[in-house]
Chemist: 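This is the structure, below, for whatever I ask next.
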Amino acid sequence: MSTPADKRRHWLFKSEPDVYSIHDLERDKTTCWEGVRNYQARNLLRDEIQTGDLVFFYHSNANPPAIAGMAEVCRSGYPDHTAWDQQAKYYDPKGRPGQPTWFMVDIRHLETFAQPVTLTMLKQTPGLEEMMVTKRGTRLSVQPVTAQEWKIILGLARQGMPSLR
DNA sequence: GCCAACGTTGGC
DNA sequence: GCCAACGTTGGC
């Protein structure tokens, strides 16, 4: 059951484009957001993020770091099986099958921004001062975004592209 | 439970 | 590649 449009929440997911980029998601259409191994982010994936929620796809460790596009959550939190797979990159030796520690969601590609919204732009734009991603030393890879912040950033992404509303 | 050492993240 | 900030680990 999907969340009604006016109840949708907004998030920002970080990914290193060398590992998995918005272009990979565009090609794949959907993906499992695997490999999150931080408890605060895990709690969001497990408890808060719902089908229909919207996600900014942020390229970290990139040149330049930027919000590169957007996606929609198409499956809410479920156990991240890669934690139990010894061959997997994100294998967690402390994990016990049947008692999941780590969770993931699935996301579906919505849009690759023709003009990525760089971290520099985010830092310069009034109204985004409280965003975690603009603050130094914030490493959380899954972050909440307010509806107001979402709107401002979408505006930035579409500057110079009035045909896209 | 403290906290130093260590590994990771991520901008620059 | 550097390094500051952060989260986790593990000795005590």
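So you know, we letter chains A, B, ... as the sequences are listed, proteins then strands, and number each from 1.
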Chemist: Using 4.0 Å as the upper bound for N to carboxylate O, is an ion pair formed by A:Glu34 and A:Lys89?
Modeler: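 Looking at A:Glu34 together with A:Lys89, the answer is no, because their closest N to O distance does not fall below 4.0 Å.
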Chemist: A:Met131 has an atom CE; how far is it from atom C1' of B:dG11, in whole Å?
Modeler: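 One finds 16 Å between C1' of B:dG11 and CE of A:Met131, rounded.
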Chemist: Could you tell me the separation between the CD atom of A:Gln124 and the P atom of B:dG11, rounded to a whole number of Å?
Modeler: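 Interatomic distance, CD of A:Gln124 to P of B:dG11: 15 Å.
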Chemist: Run the ring-centre check on A:Phe103 versus A:Trp33 and record whether the distance is less than 6.0 Å.
Modeler: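 That pair fails the under 6.0 Å test.
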Chemist: Whole Å only: how far is the CG atom of A:Asp18 from the P atom of B:dG10?
Modeler: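 Spelled out: CG on A:Asp18 to P on B:dG10 is 13 Å.
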Chemist: Tell me every residue that passes salt bridge (charged side-chain N to carboxylate O under 4.0 Å, His left out) with A:Asp47, counting only those two or more places apart in sequence or in another chain.
Modeler: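 By the salt bridge (charged side-chain N to carboxylate O under 4.0 Å, His left out) rule, A:Asp47 matches no residue at all.
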Chemist: Return yes if some donor-acceptor pair links the side-chain N/O of A:Arg37 with the main-chain N/O of A:Tyr90 below 3.5 Å, else return no.
Modeler: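 A pair under 3.5 Å: yes.
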Chemist: Over how many whole Å does the gap from A:Arg37 atom CZ to B:dT9 atom P extend?
Modeler: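 Atom CZ in A:Arg37 sits about 12 Å away from atom P in B:dT9.
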Chemist: Provide, to the nearest angstrom, the distance between the CD atom belonging to A:Gln143 and the P atom belonging to B:dT9.
Modeler: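 Whole-Å distance recorded here is 15 Å.
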Chemist: Nearest heavy atom decides the nucleotide; on that basis, is A:Tyr39 or A:Arg136 closer to the 5' end of DNA chain C?
Modeler: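 The 5'-side residue here is A:Arg136.
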Chemist: Hey, is the side chain of A:Lys123 poking within less than 4.0 Å of OP1 or OP2 on B:dC12, counting only N and O atoms?
Modeler: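 So the side-chain polar atoms of A:Lys123 do come within 4.0 Å of the phosphate oxygens OP1 or OP2 of B:dC12, strictly under.
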Chemist: Take the protein atom CD1 of A:Ile67 and the nucleotide atom P of B:dG11, then report the distance between them rounded to whole Å.
Modeler: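 Interatomic distance, CD1 of A:Ile67 to P of B:dG11: 12 Å.
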Chemist: Taking only Lys NZ, Arg NE, NH1 and NH2, and the carboxylate oxygens of Asp or Glu, determine whether A:Lys123 and A:Glu129 approach each other closer than 4.0 Å.
Modeler: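 Salt bridge between A:Lys123 and A:Glu129, a charged N being under 4.0 Å from a carboxylate O: no.
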Chemist: Give the rounded distance in Å between these two atoms: OH of A:Tyr90 and P of B:dT8.
Modeler: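 Going from OH in A:Tyr90 over to P in B:dT8 covers 13 Å.
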Chemist: Do the side chain of A:Arg139 and the base of C:dA5 come within less than 3.5 angstrom through a donor-acceptor pair of N or O atoms?
Modeler: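 Per atom types, the contact qualifies.
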Chemist: Taking only the side-chain nitrogens and oxygens of A:Lys14, find out if one of them lies under 4.0 Å from OP1 or OP2 of B:dG10.
Modeler: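 Checking A:Lys14 against B:dG10: at least one side-chain N or O falls below 4.0 Å of OP1 or OP2.
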Chemist: Using whole Å, what does the distance between atom C1' of nucleotide B:dG10 and atom CG of A:Leu119 come to?
Modeler: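 To the nearest whole Å, that distance equals 10 Å.
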Chemist: To the nearest 0.5 Å, what is the distance between CD1 on A:Ile107 and CH2 on A:Trp11?
Modeler: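 Here the rounded value is 14.0 Å.
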Chemist: Taking only heavy atoms on the protein side, list every residue of residues 53-62 of chain A lying under 4.0 Å from any atom of DNA chain B, sorted numerically.
Modeler: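 Residues of residues 53-62 of chain A under 4.0 Å from DNA chain B: A:Tyr58, A:Ser60, A:Asn61.
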Chemist: At their closest point, which heavy atom of A:Tyr58 faces which heavy atom of A:Pro65, and how far apart are they?
Modeler: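 Smallest interatomic distance, heavy atoms only, reads OH-CB, 3.4 Å.
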